[in-house]
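Numbering of ligands and ligand atoms starts at 1, following listing order. What you are looking at is a predicted structure, and each value in this text was computed from that prediction instead of being measured.
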Amino acid sequence: MIERTLSIVKPDGVSRGLTGTVIGRLEGEGLKILAMKMIRMTKAQAKGFYKVHEGKPFFESVTDFMSSGPCVVMILEGEEGIRRYRNLMGATYYKEAEAGTIRRDFATDIEKNVVHGSDSVETAGYEINYFFNALEVAGG
Ligand code: ATP
Ligand code: MG
């Protein structure tokens, strides 16, 4: 099934100059970029984005982190796009991520793990609509 997914190069990835590397890897995997922009989330916007994690011990910290600097947000599309992009990213904790994944290669911390990717069709729908309106989906 052709799926859309939301990708974010997180503030650590942008500030460390890893945006191009992430884009190169996802394009190399054959995922198509339908929309892309740089944003800086407020704390409230980061809380809305990570709403599913409200109440978890890391919620305050991760929403501080996500609002600490600019992010690059993208809509990606491809056959099994959600799973294929998650495979490129690797496990949440970089030490558990497979060799050759973005997180294994570049993450420095369980929180500062360079990239985000939607984990289901439902969350992809929510996350895409959170950041993009229909006019911004230039490639779709
Ligand atoms: P993402 O949703 O960002 O793609 P993920 O789906 O791999 O990551 P989630 O469980 O959704 O992982 O956690 C969201 C984010 O919160 C993680 O990517 C990480 O930045 C942070 N995080 C998750 N677990 C922890 C933890 N135990 N301690 C600190 N930060 C964490
Ligand atoms: Mg997640």
Side-chain angles (χ1 to χ4, degrees):
M1 195 175 61
I2 293 183
E3 294 168 338
R4 291 183 178 190
T5 188
L6 185 89
S7 158
I8 303 180
V9 184
K10 295 183 179 185
D12 60 328
V14 171
S15 68
R16 291 168 62 207
L18 294 170
T19 305
T21 300
V22 172
I23 291 173
R25 288 194 183 195
L26 66 89
E27 287 190 328
E29 167 64 20
L31 294 167
K32 185 178 169 193
I33 301 171
L34 299 187
M36 172 163 62
K37 62 188 172 185
M38 182 176 276
I39 57 156
R40 170 134 188 203
M41 278 185 263
T42 63
K43 172 83 171 170
Q45 288 165 340
K47 283 181 159 180
F49 172 66
Y50 273 139
K51 210 173 169 43
V52 292
H53 296 305
E54 207 164 356
K56 292 187 187 164
F58 60 85
F59 184 65
E60 278 306 316
S61 177
V62 78
T63 52
D64 279 344
F65 164 55
M66 292 299 283
S67 56
S68 68
C71 292
V72 172
V73 290
M74 291 174 268
I75 304 173
L76 310 181
E77 187 177 76
E79 186 66 33
E80 286 193 73
I82 293 170
R83 184 190 58 77
R84 283 168 59 214
Y85 181 57
R86 297 279 304 186
N87 285 349
L88 277 185
M89 286 169 35
T92 310
Y93 184 39
Y94 70 101
K95 290 187 180 173
E96 290 167 2
E98 278 184 43
T101 60
I102 295 168
R103 285 169 166 173
R104 180 59 176 255
D105 288 347
F106 301 109
T108 52
D109 189 289
I110 190 164
E111 179 179 88
K112 293 174 184 61
N113 58 8
V114 186
V115 279
H116 162 82
S118 309
D119 61 12
S120 69
V121 173
E122 291 70 33
T123 54
Y126 173 79
E127 293 173 358
I128 286 169
N129 288 326
Y130 196 77
F131 292 113
F132 292 96
N133 65 47
L135 282 176
E136 294 174 302
V137 189

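- The proximity of Met66 to ligand 1, defined as any non-hydrogen pair under 4.0 Å, does not occur for either the backbone or the side chain.
- For the residues Glu111, Lys112, His116, Arg103, the heavy atom positioned nearest atom 8 (O) of ligand 1 is part of Arg103.
- Of all the atoms in ligand 1, the ones that sit under 4.0 Å from a non-hydrogen atom of Asn113 are 17 (C), 18 (O), 19 (C), 20 (O).
- The Lys10 neighbourhood of ligand 1 comprises atoms 3 (O), 17 (C), 18 (O), 20 (O), with distances under 4.0 Å to a heavy atom of that residue.
- Residue Met89 has at least one heavy-atom neighbour below 4.0 Å for each of these atoms of ligand 1: 4 (O).
- Screening Glu54, His53, Glu60 for a side chain to side chain contact (heavy atoms under 4.5 Å, CB included) involving Lys56 leaves a single residue, His53.
- In His53, the part holding a heavy atom less than 4.0 Å from any atom of ligand 1 is the side chain.
- At a heavy-atom cutoff of 4.0 Å, ligand 1 is contacted by no atom of Ile8, backbone or side chain.
- Remark: Lys37 qualifies as a cation-pi partner of Phe132 under the 6.0 Å distance and 45° angle criteria applied to the six-membered ring.
- Side-chain contact between Val22 and Leu26 is present, with at least one heavy-atom pair separated by less than 4.5 Å.
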Set out, in order, the CA-CA distance, both residues' side-chain angles and the distance that settles side-chain contact (heavy atoms from CB on, under 4.5 Å) for Glu77 and Leu31, then state yes or no.
CA-CA 6 Å; Glu77 187 177 76; Leu31 294 167; over 6 Å; no
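- Closest to atom 24 (N) of ligand 1 among all protein heavy atoms lies Phe58 CE2, 3.5 Å.
- Using modelled atom types, one finds a donor on one side chain and an acceptor on the other under 3.5 Å when comparing Glu111 with Ser61.
- Not less than 6.0 angstrom separates the ring centroid of Tyr94 from the ring centroid of Phe106.
- Protein heavy atom in closest approach to atom 7 (O) of ligand 1: Thr92 OG1, 2.6 Å.
- Under the 3.5 Å distance criterion, with hydrogens and angles disregarded, a donor-acceptor pair is assigned to the side chains of Lys43 and Thr63.
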Under the side-chain contact (heavy atoms from CB on, under 4.5 Å) rule, what do Phe65 and Asp109 come out as? Steps first, then yes or no, please.
CA-CA 12 Å; Phe65 164 55; Asp109 189 289; over 6 Å; no
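- Comparing Thr123, Ile110, Val52, Val62 by heavy-atom distance to atom 16 (O) of ligand 1, the nearest is Val62.
- The proximity of Tyr50 to ligand 1, defined as any non-hydrogen pair under 4.0 Å, is limited to the side chain.
- Distances between N or O atoms of Gly117 and those of ligand 1 include at least one value under 3.5 Å.
- The shortest heavy-atom distance from Lys56 to ligand 1 is not under 4.0 Å.
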Apply side-chain contact (heavy atoms from CB on, under 4.5 Å) to the pair Arg103 and Tyr93, showing each step before the final yes or no.
CA-CA 8 Å; Arg103 285 169 166 173; Tyr93 184 39; over 6 Å; no
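- For atom 6 (O) of ligand 1, the nearest non-hydrogen atom of the protein is Arg86 NH1, 2.9 Å.
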